[in-house]
J.: 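Have a look at this one before I ask anything.
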Amino acid sequence: MRIFNRYILILVLTACVINGVLAFLGQTDLSVYFILNTIAYLVVTLLHVYLNPTARRALNGVAVVLFAGFMVIVIVKVVEILS
Amino acid sequence: MFLSLKNPYRVLGLVLAVAGALFAPLAYFFIASVPLTAVALSAVMLGFTCLVLANARPYISPEASELILRTGMANTAALLEELGLDRKAVYLPSSMREGQPQALIPLKGDLDLQRIRGKIPGRLIVRYGDRPEDMAIAVTTPVSIDLTKLETVPGPTAPEIESAVTYVLAGLLDLASAVSVDIEGDRITVEVAGARLHYEDIWYYHCLGSPVASIAASISSEAFGRPVRILEESYQHGKSKVLLEVLA
């Protein structure tokens, strides 16, 4: 189970670094936090390509939900800019 | 089944997801802190990740798997020792066997590959040539079953073999942390970092190699479509080094 532990640990550290740095920079837009966390999640998951097929399928499900949220934010921002 | 709290990933996932979901509206509406809301959302993301990973864990515990592996190895070792077989096994690709890759240990002398006629039958004691002494024992190796889980059969190049061995050792079986493969002529050097089952000086390992070497040999044999033999195996500074020979 070491590969699962390593994967979760990397996700936790990445989220801590992203949230910490954005808070330090005074970012007050929640969508920026969400987008960066989602991108980091997708990258870390992609780098763990050697996880077993069941785990990868399950993580892809979470990634699809996060990506849908990411797309909603992008569409809302585009609509705001256009109007 | 889903609500069983024996799985640590499930407990961690539930705690993170529930705590994050409860704290996010509090942080956003009452504390009015965006960074704290972001932390709560991250906790929800991690919580769901842990929950899905909990369902992806193998059904059999690692302890039970190790027990089954050691029992199988002890039985094979007893058979080899009883028959007095101490020659190095030759790993055959699935194309030379009936469906799955296996290892052949000759009963007498060295295995003469030129004598192999067609596919070797899927039995324990097999005849591979025409002479009476062309007899061998065919043993199923750890990767004989897991090779079916490879999405594509690797080609005979170092990156392809490295990718396949890493996928099986690090991803599927969690037996190692990293693998590097180097090919020079008919010699393949496989370096395995963080190997959990490294070489020991016992009869089974002398004939068939450690499970890690056995997996590397089976995959290399499948990649080249030719028999492969484990020439040397060593363990130094936390790394297992396996030298394989691709036979003609």
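First the proteins, then the strands, lettered A, B, ... as listed; each starts at 1.
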J.: Name the residue from B:S180, B:S177, B:S240, B:S210 that meets the side chain to side chain contact (heavy atoms under 4.5 Å, CB included) definition with B:V192.
T.: B:S240

J.: Quick check: does any side chain N or O of B:E162 sit under 3.5 Å from a backbone N or O of B:V181, one acting as donor and the other as acceptor?
T.: yes

J.: Side chain, backbone, both or neither: which part of A:V12 has a non-hydrogen atom closer than 4.5 Å to chain B?
T.: both

J.: Sort B:L41 into side chain, backbone, both or neither according to what part of it lies under 4.5 angstrom from a heavy atom of chain A.
T.: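 Answer is side chain: those atoms of B:L41 sit under 4.5 Å from chain A.
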
J.: Please confirm whether the backbone N or O of B:P154 pairs with a side-chain atom of B:E222, one donor and one acceptor, at under 3.5 Å?
T.: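 No, B:E222 side chain to B:P154 backbone: no donor-acceptor pair under 3.5 Å.
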
J.: Please identify, among A:V65, A:I18, A:L59, A:T45, the residue contributing the most non-hydrogen atom pairs under 4.5 Å to chain B.
T.: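 Of the options given, most contacts go to A:L59.
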
J.: Against chain A, label B:S42 side chain, backbone, both or neither, depending on which of its atoms sit under 4.5 Å from a heavy atom there.
T.: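 Interface part for B:S42: side chain.
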
J.: Within the distance-only criterion (no hydrogens, no angle test), does the side chain of B:S221 pair as donor or acceptor with the backbone N or O of B:R226 below 3.5 angstrom?
T.: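 Indeed, once roles are kept as given, a pair shorter than 3.5 Å links the two residues.
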
J.: Heavy-atom pairs under 4.5 Å with chain B: which of A:T38, A:L22, A:L30 has the most?
T.: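 Between A:T38, A:L22, A:L30, the count favours A:L30.
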
J.: Counting only non-hydrogen atoms closer than 4.5 Å, does A:N19 touch chain B with its backbone (N, CA, C, O), its side chain (CB onward), both, or neither?
T.: side chain

J.: Does atom CD of B:E160 have more than 12 heavy-atom neighbours, drawn from other residues, nucleotides or ligands, at distances under 6.0 Å?
T.: yes

